[in-house]
Amino acid sequence: MSDPKEEINENVDVADNLDDENYKPPPEKTLKDLLEADKEDESLRKYKEALLGEVAKEEAIIVEPDNPKKVIVKKLALVVAGREDVELDLTGDISQLKKKVFTLKEGIQYRIRIDFIVQREIVHGLKYVQKTSRLGVTVDSMKHMVGSYPPKKEIQSYLSPVEETPSGMMARGSYSVSSLFTDDDKNEHLKWEWSLDIKKDW
(Lines give C-alpha, C1' and ligand atoms only; values in the text may rest on other atoms or scores of the structure.)
Protein backbone atom coordinates (compact mmCIF):
# COMPACT_ATOMS: atom_id res chain seq x y z
CA MET A 1 0.00 0.00 0.00
CA SER A 2 1.32 3.44 -0.89
CA ASP A 3 1.89 6.05 1.79
CA PRO A 4 -0.76 8.79 1.47
CA LYS A 5 1.68 11.33 2.86
CA GLU A 6 3.82 10.77 -0.19
CA GLU A 7 0.81 11.17 -2.50
CA ILE A 8 -0.71 14.31 -0.99
CA ASN A 9 1.71 16.53 0.86
CA GLU A 10 0.18 19.98 1.29
CA ASN A 11 2.58 22.87 1.95
CA VAL A 12 5.56 20.48 2.19
CA ASP A 13 8.85 22.22 2.83
CA VAL A 14 11.67 20.82 0.73
CA ALA A 15 13.76 23.95 0.58
CA ASP A 16 16.93 21.95 1.05
CA ASN A 17 16.28 20.35 -2.34
CA LEU A 18 15.77 23.57 -4.27
CA ASP A 19 19.36 23.96 -5.31
CA ASP A 20 20.12 20.25 -5.54
CA GLU A 21 20.77 19.38 -9.18
CA ASN A 22 19.82 15.77 -8.41
CA TYR A 23 16.39 16.73 -7.07
CA LYS A 24 13.61 15.25 -9.17
CA PRO A 25 10.02 16.30 -8.50
CA PRO A 26 7.52 13.53 -7.78
CA PRO A 27 5.27 12.50 -10.66
CA GLU A 28 2.21 14.70 -10.96
CA LYS A 29 -1.08 13.06 -9.96
CA THR A 30 -4.56 14.31 -10.66
CA LEU A 31 -7.30 14.43 -8.06
CA LYS A 32 -8.91 11.43 -9.69
CA ASP A 33 -5.66 9.46 -9.44
CA LEU A 34 -5.31 10.29 -5.75
CA LEU A 35 -8.89 9.45 -4.87
CA GLU A 36 -8.92 6.20 -6.84
CA ALA A 37 -5.64 4.89 -5.39
CA ASP A 38 -6.15 2.42 -2.51
CA LYS A 39 -9.83 3.35 -2.26
CA GLU A 40 -10.58 -0.02 -0.67
CA ASP A 41 -8.59 1.06 2.39
CA GLU A 42 -11.12 2.80 4.65
CA SER A 43 -8.59 4.58 6.88
CA LEU A 44 -6.68 5.85 3.87
CA ARG A 45 -9.88 7.06 2.23
CA LYS A 46 -10.81 9.01 5.37
CA TYR A 47 -7.30 10.45 5.55
CA LYS A 48 -7.56 11.75 2.01
CA GLU A 49 -11.00 13.22 2.63
CA ALA A 50 -9.74 14.97 5.75
CA LEU A 51 -6.75 16.38 3.91
CA LEU A 52 -8.54 17.37 0.73
CA GLY A 53 -11.80 18.43 2.35
CA GLU A 54 -14.42 19.47 -0.19
CA VAL A 55 -12.07 18.59 -3.05
CA ALA A 56 -12.58 14.90 -2.29
CA LYS A 57 -16.35 15.27 -2.72
CA GLU A 58 -16.46 17.34 -5.89
CA GLU A 59 -15.32 16.57 -9.40
CA ALA A 60 -13.54 19.92 -9.73
CA ILE A 61 -13.27 23.23 -7.94
CA ILE A 62 -13.31 26.11 -10.39
CA VAL A 63 -13.19 29.60 -8.95
CA GLU A 64 -12.74 31.55 -12.19
CA PRO A 65 -14.34 29.58 -15.05
CA ASP A 66 -12.97 31.93 -17.73
CA ASN A 67 -9.41 31.53 -16.48
CA PRO A 68 -7.80 28.26 -17.67
CA LYS A 69 -4.89 28.50 -15.22
CA LYS A 70 -4.56 26.17 -12.26
CA VAL A 71 -2.81 28.86 -10.21
CA ILE A 72 -4.06 32.45 -10.23
CA VAL A 73 -1.73 34.82 -8.40
CA LYS A 74 -3.72 37.64 -6.81
CA LYS A 75 -1.46 39.77 -4.68
CA LEU A 76 2.05 40.33 -3.33
CA ALA A 77 2.50 42.10 0.00
CA LEU A 78 5.45 43.27 2.05
CA VAL A 79 4.74 42.45 5.69
CA VAL A 80 6.50 44.44 8.42
CA ALA A 81 5.62 43.97 12.09
CA GLY A 82 3.78 46.95 13.51
CA ARG A 83 2.88 48.43 10.12
CA GLU A 84 0.09 47.93 7.61
CA ASP A 85 0.93 45.51 4.81
CA VAL A 86 1.97 47.21 1.57
CA GLU A 87 0.20 45.34 -1.22
CA LEU A 88 0.69 44.99 -4.96
CA ASP A 89 -2.40 43.94 -6.94
CA LEU A 90 -1.41 41.29 -9.50
CA THR A 91 -4.78 40.88 -11.18
CA GLY A 92 -4.56 43.80 -13.61
CA ASP A 93 -2.12 44.87 -16.31
CA ILE A 94 1.19 43.51 -14.99
CA SER A 95 3.13 45.63 -17.48
CA GLN A 96 2.22 48.64 -15.35
CA LEU A 97 3.52 47.17 -12.09
CA LYS A 98 6.98 48.71 -12.49
CA LYS A 99 5.36 52.06 -11.83
CA LYS A 100 4.28 50.83 -8.40
CA VAL A 101 7.13 51.55 -5.98
CA PHE A 102 7.43 49.93 -2.56
CA THR A 103 9.31 51.90 0.08
CA LEU A 104 11.14 50.11 2.89
CA LYS A 105 13.27 51.50 5.66
CA GLU A 106 16.88 50.33 5.69
CA GLY A 107 17.85 47.59 8.14
CA ILE A 108 14.31 46.41 8.94
CA GLN A 109 12.96 42.87 8.87
CA TYR A 110 10.10 42.01 6.54
CA ARG A 111 8.35 39.08 4.90
CA ILE A 112 6.83 38.58 1.49
CA ARG A 113 3.26 37.31 1.36
CA ILE A 114 1.73 35.97 -1.84
CA ASP A 115 -2.02 35.40 -2.14
CA PHE A 116 -3.19 32.98 -4.82
CA ILE A 117 -5.99 30.67 -5.90
CA VAL A 118 -5.57 27.04 -6.89
CA GLN A 119 -8.36 25.61 -9.03
CA ARG A 120 -9.13 22.52 -11.14
CA GLU A 121 -6.24 20.28 -9.95
CA ILE A 122 -3.64 19.92 -7.22
CA VAL A 123 -0.53 21.94 -8.01
CA HIS A 124 2.81 20.41 -7.08
CA GLY A 125 5.96 22.12 -5.85
CA LEU A 126 5.11 25.80 -6.13
CA LYS A 127 8.17 28.07 -5.91
CA TYR A 128 8.68 31.80 -5.55
CA VAL A 129 11.81 33.13 -7.26
CA GLN A 130 12.96 36.73 -6.95
CA LYS A 131 15.89 38.66 -8.42
CA THR A 132 16.76 42.18 -7.28
CA SER A 133 18.88 44.49 -9.45
CA ARG A 134 20.35 47.96 -9.15
CA LEU A 135 21.60 49.89 -12.16
CA GLY A 136 21.35 46.70 -14.20
CA VAL A 137 23.46 44.60 -11.81
CA THR A 138 21.93 41.73 -9.80
CA VAL A 139 22.50 42.41 -6.12
CA ASP A 140 20.31 39.72 -4.54
CA SER A 141 18.37 36.61 -5.49
CA MET A 142 16.11 34.28 -3.54
CA LYS A 143 14.21 31.08 -4.17
CA HIS A 144 11.56 29.82 -1.75
CA MET A 145 9.71 26.52 -1.84
CA VAL A 146 6.04 27.36 -1.39
CA GLY A 147 4.71 23.79 -1.43
CA SER A 148 1.95 21.67 -2.98
CA TYR A 149 -1.65 22.82 -2.70
CA PRO A 150 -5.08 21.36 -3.45
CA PRO A 151 -7.71 23.46 -5.19
CA LYS A 152 -9.89 25.54 -2.86
CA LYS A 153 -12.58 28.15 -3.26
CA GLU A 154 -10.74 30.37 -0.80
CA ILE A 155 -7.56 32.35 -1.42
CA GLN A 156 -4.46 30.59 -0.11
CA SER A 157 -1.34 32.40 1.06
CA TYR A 158 2.39 31.87 1.36
CA LEU A 159 4.49 33.85 3.84
CA SER A 160 8.24 33.86 3.25
CA PRO A 161 10.91 33.54 5.93
CA VAL A 162 12.12 36.82 7.41
CA GLU A 163 14.29 38.94 5.12
CA GLU A 164 16.27 42.07 6.08
CA THR A 165 16.72 45.18 3.99
CA PRO A 166 20.30 46.37 3.49
CA SER A 167 21.45 49.40 5.45
CA GLY A 168 23.93 52.22 5.05
CA MET A 169 24.27 55.12 2.65
CA MET A 170 25.40 52.89 -0.22
CA ALA A 171 22.36 50.64 0.17
CA ARG A 172 19.80 53.43 -0.12
CA GLY A 173 18.19 54.02 -3.46
CA SER A 174 15.99 52.40 -6.11
CA TYR A 175 15.95 48.72 -7.04
CA SER A 176 14.26 46.73 -9.80
CA VAL A 177 12.70 43.44 -8.73
CA SER A 178 11.79 40.52 -10.99
CA SER A 179 9.41 37.94 -9.48
CA LEU A 180 8.35 34.53 -10.73
CA PHE A 181 5.74 32.12 -9.36
CA THR A 182 6.52 28.71 -10.83
CA ASP A 183 6.40 25.00 -9.93
CA ASP A 184 8.23 21.68 -10.23
CA ASP A 185 7.13 21.36 -13.87
CA LYS A 186 8.52 24.81 -14.69
CA ASN A 187 5.08 26.26 -15.40
CA GLU A 188 5.22 30.06 -15.16
CA HIS A 189 2.03 30.89 -13.26
CA LEU A 190 2.96 34.57 -13.16
CA LYS A 191 6.06 36.62 -13.90
CA TRP A 192 6.19 40.32 -13.09
CA GLU A 193 8.51 43.23 -12.37
CA TRP A 194 8.17 45.91 -9.72
CA SER A 195 10.26 48.58 -7.99
CA LEU A 196 11.62 49.01 -4.49
CA ASP A 197 13.09 52.03 -2.74
CA ILE A 198 15.32 51.65 0.31
CA LYS A 199 15.32 54.81 2.40
CA LYS A 200 16.81 56.03 5.65
CA ASP A 201 13.32 56.33 7.09
CA TRP A 202 9.77 55.58 6.06
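Remember, predicted model here, so these are calculated numbers, not experimental data.
Between the Ser167 side chain and the Gly107 main chain, no donor and acceptor come within less than 3.5 Å of each other. Glu106 contributes a side-chain N or O that, together with a main-chain N or O of Gly168, makes up a donor-acceptor pair within less than 3.5 Å. Using modelled atom types, no side-chain atom of Thr138 and backbone atom of Ser133 make a donor-acceptor pair closer than 3.5 Å. Between the side chain of Gln109 and the backbone N or O of Val162 there is no donor-acceptor pair closer than 3.5 Å.
You'll find the side chain of Asp197 stays beyond 4.5 Å of the side chain of Leu104, heavy atoms only. Side chains of Ile61 and Lys153 form a contact here, defined as non-hydrogen atoms less than 4.5 Å apart. In this structure, Val123 and Asn187 have side chains that are not in contact, with every pair of non-hydrogen atoms separated by 4.5 Å or more.
Sorted by first and then second residue, the ring pair (Phe, Tyr, Trp, His ring centres under 6.0 Å) pairs involving residues 161-182 (not counting sequence neighbours) are Phe116-Phe181.
Residues passing the salt bridge (Lys or Arg N to Asp or Glu O under 4.0 Å) test with Asp85, sequence neighbours excluded: Arg113. Applying the side chain to side chain donor-acceptor pair (under 3.5 Å) test to Ser141 and every residue at least two apart in sequence or in another chain returns nothing. With sequence neighbours excluded, the residues that form a salt bridge (Lys or Arg N to Asp or Glu O under 4.0 Å) with Lys98 are Glu193. Under the rule for a salt bridge (Lys or Arg N to Asp or Glu O under 4.0 Å), Lys100 has no partner lying at least two apart in sequence or in another chain.
Linking ILVMFWY side-chain heavy atoms closer than 4.5 Å, directly or via other members, places Trp202 and Tyr110 in a single hydrophobic cluster. In this structure, Val177 is not a member of the same hydrophobic cluster as Leu159, with clusters built from ILVMFWY side-chain heavy atoms closer than 4.5 Å. Val79 and Ile155 fall into different hydrophobic clusters, where Ile, Leu, Val, Met, Phe, Trp and Tyr side chains are chained together by heavy-atom contacts under 4.5 Å. Note on Val80 and Met142: same hydrophobic cluster, where clusters join Ile, Leu, Val, Met, Phe, Trp and Tyr whose side-chain heavy atoms are under 4.5 Å apart, directly or indirectly.
Here the NZ-CD1 distance, from Lys152 to Ile117, works out to 12.5 Å after rounding to the nearest 0.5 Å. Rounded to the nearest 0.5 angstrom, Asp184 CG and Met145 CE are separated by 5.0 Å. If you take NE2 on His124 and CG on Asp183, they are separated by 9.0 Å, rounding to the nearest 0.5 Å. Here the NZ-OG distance, from Lys131 to Ser176, works out to 10.5 Å after rounding to the nearest 0.5 Å.
Closest of all the heavy-atom pairs between His144 and Tyr158 is CB-OH, 3.0 Å. In this structure, Gln119 and Val63 approach most closely via the heavy-atom pair OE1-N, 2.9 Å. In this structure, Asp115 and Ser157 approach most closely via the heavy-atom pair OD1-OG, 2.6 Å. For the residue pair Val73 and Leu90, the shortest heavy atom distance occurs at CG1-CD1, 3.5 Å. When all heavy atoms of Ile108 and Lys105 are compared, the closest pair comes out as CG1-O, 2.9 Å. The minimum heavy-atom distance between Asn67 and Arg120, with the atom names listed, is O-NH2, 2.7 Å.
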**Q.** Gln130 vs Trp194, side chain to side chain contact (heavy atoms under 4.5 Å, CB included): CA-CA, chis, key distance, verdict
**A.** CA-CA 11 Å; Gln130 178 177 299; Trp194 47 287; 3.8 Å; yes

Q.
Between Leu78 and Ile112, does the side chain to side chain contact (heavy atoms under 4.5 Å, CB included) criterion hold? Intermediate values first, please.
A. CA-CA 5 Å; Leu78 296 182; Ile112 294 172; 3.9 Å; yes

(Q) Run Thr91 and Lys75 through side chain to side chain contact (heavy atoms under 4.5 Å, CB included) and show every step you take. (A) CA-CA 7 Å; Thr91 60; Lys75 190 181 298 181; over 6 Å; no

Q: Apply side chain to side chain contact (heavy atoms under 4.5 Å, CB included) to Leu196 and Thr165, showing your working.
A: CA-CA 11 Å; Leu196 178 66; Thr165 57; 5.9 Å; no

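Residues Val129 make up the rest of the hydrophobic cluster containing Leu180, defined by ILVMFWY side-chain heavy atoms closer than 4.5 Å, directly or through other members.
Of the candidates Lys74, Lys69, Lys70, Glu64 forms a salt bridge (Lys or Arg N to Asp or Glu O under 4.0 Å) with just one, namely Lys74.
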